[in-house]
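So that the names make sense, note that chain A is the first sequence line, chain B the second, and so on, each numbered from 1. Keep in mind that the numbers below use all heavy atoms, side chains included, and drop hydrogens, waters and symmetry copies.
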Protein chains: 2
Amino acid sequence: MAATVAVDNLNPKVLKCEYAVRGEIVIHAQRLQEQLKTQPGSLPFDEILYCNIGNPQSLGQQPVTFFREVLALCDHPDLLQREEIKTLFSADSISRAKQILAMIPGRATGAYSHSQGIKGLRDAIASGIASRDGFPANADDIFLTDGASPGVHLMMQLLIRNEKDGILVPIPQYPLYSASIALHGGALVPYYLNESTGWGLETSDVKKQLEDARSRGINVRALVVINPGNPTGQVLAEENQYDIVKFCKNEGLVLLADEVYQENIYVDNKKFHSFKKIVRSLGYGEEDLPLVSYQSVSKGYYGECGKRGGYFEITGFSAPVREQIYKIASVNLCSNITGQILASLVMNPPKASDESYASYKAEKDGILASLARRAKALEHAFNKLEGITCNEAEGAMYVFPQICLPQKAIEAAKAANKAPDAFYALRLLESTGIVVVPGSGFGQVPGTWHFRCTILPQEDKIPAVISRFTVFHEAFMSEYRD
Amino acid sequence: MAATVAVDNLNPKVLKCEYAVRGEIVIHAQRLQEQLKTQPGSLPFDEILYCNIGNPQSLGQQPVTFFREVLALCDHPDLLQREEIKTLFSADSISRAKQILAMIPGRATGAYSHSQGIKGLRDAIASGIASRDGFPANADDIFLTDGASPGVHLMMQLLIRNEKDGILVPIPQYPLYSASIALHGGALVPYYLNESTGWGLETSDVKKQLEDARSRGINVRALVVINPGNPTGQVLAEENQYDIVKFCKNEGLVLLADEVYQENIYVDNKKFHSFKKIVRSLGYGEEDLPLVSYQSVSKGYYGECGKRGGYFEITGFSAPVREQIYKIASVNLCSNITGQILASLVMNPPKASDESYASYKAEKDGILASLARRAKALEHAFNKLEGITCNEAEGAMYVFPQICLPQKAIEAAKAANKAPDAFYALRLLESTGIVVVPGSGFGQVPGTWHFRCTILPQEDKIPAVISRFTVFHEAFMSEYRD
């Protein structure tokens with residue numbers, strides 16, 4: 001009889017893959033949450049606060065009303081024939097829903113679409129990109145996806161032939177990249193962001209890592225840039241982006257630009273510039289540089305993670321390569337239509353002349369201003385704690401403080417068979433109910449320790465988060481002080 | 001400079017993958033559709049009829065009202081606070097939406113859920129499975145997915161280590177299986193369904209193919225069964241299912257049961273029995289057989305393809321293996337919440353005491369009865385054509401007729417560098433606008449030729465489909481008659 005299924009006969013690439021954002025600590029948190037339900041009062045806190053993942057609505061952020069109005073009408077188009085909706089929905093949500101339904105053959109929001117997504121929605125997204133960048137965009141370059149992740153997997157699947165194909169990835173990185181490279185059997189080629197310059201990306205370091213990888217026989221195929229940064233929260237300077245683009249062109253690398261936090265910028269001296277805009281500003285055309293830009297409905301001020309909408313835009317790929325991309329997309333038929341519609345909405349929100357504009361703008365500005373205040377408050381609070389230094393969160397949804405752990409804590413972690421930062425995060429969880437992700441899940445300079453904490457708890461909870469954290473940290477440091 | 005991206009430096013597994021359901025003929029059809037828009041009257045037909053894919057709503061099938069009411073309310077929960085909804089929504093859609101929102105932490109339909117899907121929805125699905133099968137089901141065994149396809153990919157990714165790992169797949173098959181096996185670098189081990197016994201699945205043939213593969217050093221890991229069949233439309237007899245289950249247990253194979261057409265049965269003498277029920281009826285428990293059962297919101301009478309909802313249920317896997325499955329699911333965070341909600345609804349539709357029940361039942365019965373009539377009409381029509389024989393479509397959404405092509409047509413196809421059935425399908429498209437998929441996209445006994453045609457055109461269009469098809473076929477046969 002053949003061997004049945006056991007861990008030792010599974011695909012070793014699966015075994016190798018790690019994904020800390022939903023790893024051991026989160027599974028432990030879910031257990032504690034169950035315990036709170038079945039045995040209330042049995043733990044030193046009364047709720048679990050999930051600061052491990054950029055999931056705003058799970059922590060109380062409200063959806064943008066206009067977006068949800070349009071989705072509801074598209075989900076149940078019969079409503080559009082009823083008079084009563086005029087008191088329930090804004091006039092522009094009604095007209096937008098009608099406009100979207102008219103783009104869909106047979107108004108069928110329950111049908112599979114074109115494998116790249118509904119053409120009219122891609123046109124709308126292309127027009128949103130064009131007005132963002134000031135350079136034209138083309139619906140044929142856009143592939144709608146269930147969130148950004150499937151598009152990342154698709155490109156890894158396309159580019160990685162074997163363990164000699166390498167992808168340059170920032171360290172610290174969002175672990176989707178390491179997980180996807182592991183699942184597809186490639187080599188992760190790390191380049192380090194410079195913590196002392198606010199997580200700066202130095203192309204000289206990238207070049208060094210590239211040459212080192214090449215000297216080991218690695219065929220480096222692509223460079224991943226996450227801007228604004230995850231977990232690091234920095235926003236790249238425009239000059240820096242020009243360098244990166246020139247570097248990719250000179251070295252023949254695909255540029256994979258994770259731009260899902262493009263709306264999440266909290267400082268006045270930085271702006272988001274898409275890599276597409278940078279490429280076009282340099283006068284580069286289709287022959288010069290293969291570029292993939294990722295966007296998602298999960299982030300921004302909208303934070304619609306559960307809708308699983310997103311897209312990637314490809315430029316600089318030849319027709320035969322694009323056919324292969326199309327083929328992989330078509331094996332999965334299409335992304336979900338609700339997510340497709342939402343992606344078109346976030347790239348084309350209400351305009352000043354629309355009925356919803358005032359409330360839309362108030363919701364958007366309110367969320368972004370509050371996120372900026374929360375980022376600032378957490379950064380300040382962490383910087384006050386013994387042994388913790390925290391760079392400014394210029395963007396994205398995270399702070400990524402460094403903790404200088406006492407030797408005794410490092411030894412206690414070793415004894416517990418944990419990475420020191422995982423040991424810290426686990427103790428934090430057990431004392432406070434706050435879930436953060438240890439820096440080892442993202443990668444960090446060896447011998448340094450960090451954690452990623454989202455800035456997403458609702459603003460009225462931030463003082464309590466800070467005080468719970470502070471009490472824990474002081475006790476932890478007292479316990480282990482060398 | 002490193003090589004840039006070209007077809008010859010892409011992952012060869014991607015190049016090898018084929019997916020005919022959205023392949024060359026469909027791409028050609030999309031071009032013709034554009035031509036009809038830009039140059040009306042330039043083709044011998046005025047619309048493209050997509051019979052290539054099980055996509056009911058694209059051909060005019062209306063969604064089930066109750067499902068869409070619940071989705072709209074969950075998409076825009078603020079509606080639940082308004083009086084006006086009482087005239088717009090059924091009472092049970094309102095109470096169901098409230099019930100679902102209460103299951104979701106913070107009522108946040110815009111948040112990522114648990115990686116397996118929202119627990120309360122999985123409980124509801126488990127209860128639907130239990131009442132379908134008469135055996136208990138467990139929410140922890142259920143993984144909600146964006147349609148059934150991602151769950152198939154996940155299991156292939158888990159099981160396939162290299163080209164020596166094989167998966168038994170029926171021929172003809174739904175090409176997701178061959179595509180997924182190719183993408184993951186495994187070996188497809190074909191077993192043939194017997195066309196002369198109505199596409200019967202004979203375990204003696206499966207055994208022969210298994211032994212043959214083993215003798216070639218292939219480690220066969222799993223058996224795929226599609227019931228009701230795609231593209232073949234047969235419904236397995238219960239006795240046959242017992243044999244298959246015993247066979248998998250004896251041979252140490254994972255049973256991958258594609259049961260997405262479980263509601264699509266059109267004959268009185270056949271019933272759907274889930275493999276889970278068969279396994280439990282045999283008294284087999286968790287130790288005996290690893291089984292994965294796939295379900296989707298895209299098929300059935302609901303046909304909600306665009307919502308990308310589905311799940312797989314796993315039983316008979318050890319805890320460490322389940323942890324690996326969970327890990328892969330978690331890398332993609334979660335499936336879309338709208339699809340998750342819909343999956344819970346199709347497994348728990350309105351009950352006799354609910355306000356919506358009468359209209360729900362009328363819609364469901366109307367769709368299924370019409371599909372049965374359409375299946376019958378197409379089967380009869382095809383059987384009348386020279387050289388065509390068509391088995392009864394007992395279930396699913398397809399007929400898969402065999403065409404005995406004249407030698408001259410086969411030679412003309414060869415000259416055009418096409419498979420003969422692809423040549424036929426292309427000519428059909430160019431003459432009639434009807435899109436079918438050549439049998440070579442699904443696999444068939446060498447030297448035989450088939451095509452798959454959905455039974456999904458709206459009933460009032462079926463006579464025209466038949467007459468267009470008949471006129472084309474007669475002309476084709478006259479042109480190439482030996």
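- Contact annotation for B/P105: neither backbone nor side-chain heavy atoms come within less than 4.5 Å of a heavy atom of chain A.
- For a residue to count as touching a neighbouring chain, one of its non-hydrogen atoms must lie under 4.5 Å from one of that chain's; by this rule A/A179 touches chain B with the side chain only.
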Report task. Quick one: do B/N11 and A/L159 satisfy side-chain contact (heavy atoms from CB on, under 4.5 Å)? Show the steps, please. Result -> CA-CA 6 Å; B/N11 180 356; A/L159 294 174; over 6 Å; no

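- Looking at B/Y302, neither its backbone nor its side chain comes within 4.5 Å of chain A, counting heavy atoms on both sides.
- There is no contact between A/F67 and chain B, counting heavy-atom distances below 4.5 Å.
- B/G54 and A/Y112 get closest at one heavy-atom pair: O-CE1, 3.6 Å.
- Pairs engaging residues 8-21 of chain B under the salt bridge (Lys or Arg N to Asp or Glu O under 4.0 Å) rule: none recorded [sequence neighbours left out].
- Between B/C74 and A/R68, the shortest heavy-atom distance links the atoms O-NH1, 4.0 Å.
- Residue B/Q30 touches chain A through its side chain alone, counting heavy-atom pairs closer than 4.5 Å.
- In this structure, CD on A/E84 lies 8.5 Å from CD on B/E84, to the nearest 0.5 angstrom.
- For chain B, no part of A/Q61 is nearby; none of its heavy atoms comes within less than 4.5 Å.
- Comparing A/V254, A/L79, A/I85 by how many heavy-atom pairs each has under 4.5 Å with chain B, the most go to A/L79.
- Taking every heavy atom of both residues into account, A/T4 and B/G252 meet most closely at CG2-CA, 4.0 Å.
- When heavy atoms are compared at a cutoff of 4.5 Å, B/H153 approaches chain A solely by way of its side chain, counted from C-beta outward.
- For the set A/V152, A/T109, A/V297, the entry with the most heavy-atom pairs within less than 4.5 Å of chain B is A/T109.
- With a threshold of 4.5 angstrom between heavy atoms, A/S335 approaches chain B through N, CA, C or O but not through any side-chain atom.
- In this structure, the separation between CG on A/N336 and SG on B/C305 is 13.0 Å, given to the nearest 0.5 Å.
- Side-chain contact check for B/D75 versus A/T338: some heavy-atom pair is nearer than 4.5 Å.
- Looking only at heavy-atom pairs under 4.5 Å with chain A, the residue among B/Y326, B/F317, B/Y19 that has the most is B/Y19.
- Interface residue A/I160: only backbone heavy atoms are found under 4.5 Å from chain B.
- Heavy-atom distances place the side chain of A/Y174, and not its backbone, under 4.5 Å from chain B.
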Exercise. I would like to know whether B/C17 and A/V331 meet side-chain contact (heavy atoms from CB on, under 4.5 Å); could you show each step before the answer?
Key: CA-CA 9 Å; B/C17 157; A/V331 173; 3.9 Å; yes

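- Nearest heavy-atom pair, A/R82 versus B/T87, reported as atom, atom and distance to 0.1 Å: NH2-O, 2.7 Å.
- Contact of A/S58 with chain B is made through backbone and side chain together, with heavy-atom distances under 4.5 Å.
- Of the residues considered (B/H76, B/H184, B/Q340), B/H76 shows the highest number of contacts with chain A, using heavy-atom pairs under 4.5 Å.
- With a threshold of 4.5 angstrom between heavy atoms, B/L71 approaches chain A through its backbone and through its side chain.
- For the options B/P150, B/P290, B/S113, heavy-atom pairs under 4.5 Å to chain A are most numerous at B/S113.
- Heavy atoms of A/P63 lying under 4.5 Å from chain B are absent altogether.
- Top candidate by heavy-atom pairs under 4.5 Å with chain B, chosen from A/L158, A/L176, A/I27, is A/L158.
- Closest of all the heavy-atom pairs between A/G110 and B/Q57 is CA-OE1, 3.2 Å.
- Between B/N332 and A/R308, the shortest heavy-atom distance links the atoms O-NH2, 3.0 Å.
- Proximity to chain B (any heavy atom under 4.5 Å) is restricted, for A/F89, to the side chain, taken from C-beta onward.
- Using a 4.5 Å cut-off between heavy atoms, A/P77 contacts chain B through its side chain alone, with no backbone atom that close.
- Your options are A/I337, A/N162, A/L59, A/L333, and the one with the most heavy-atom pairs under 4.5 Å with chain B is A/L333.
- A donor atom on one side chain and an acceptor atom on the other are found under 3.5 Å apart for A/N9 and B/R221.
- Each of A/Q62, A/Q157, A/E304 has some count of heavy-atom pairs under 4.5 Å with chain B, and the biggest count is that of A/Q157.
- Both the backbone and the side chain of B/L15 come within less than 4.5 Å of a heavy atom in chain A.
- Interface remark: of the candidates A/L88, A/L73, A/D78, A/D146, A/L88 forms the most heavy-atom pairs closer than 4.5 Å to chain B.
- Of the listed residues B/G106, B/S149, B/C334, the one with more heavy-atom pairs under 4.5 angstrom with chain A than any other is B/C334.
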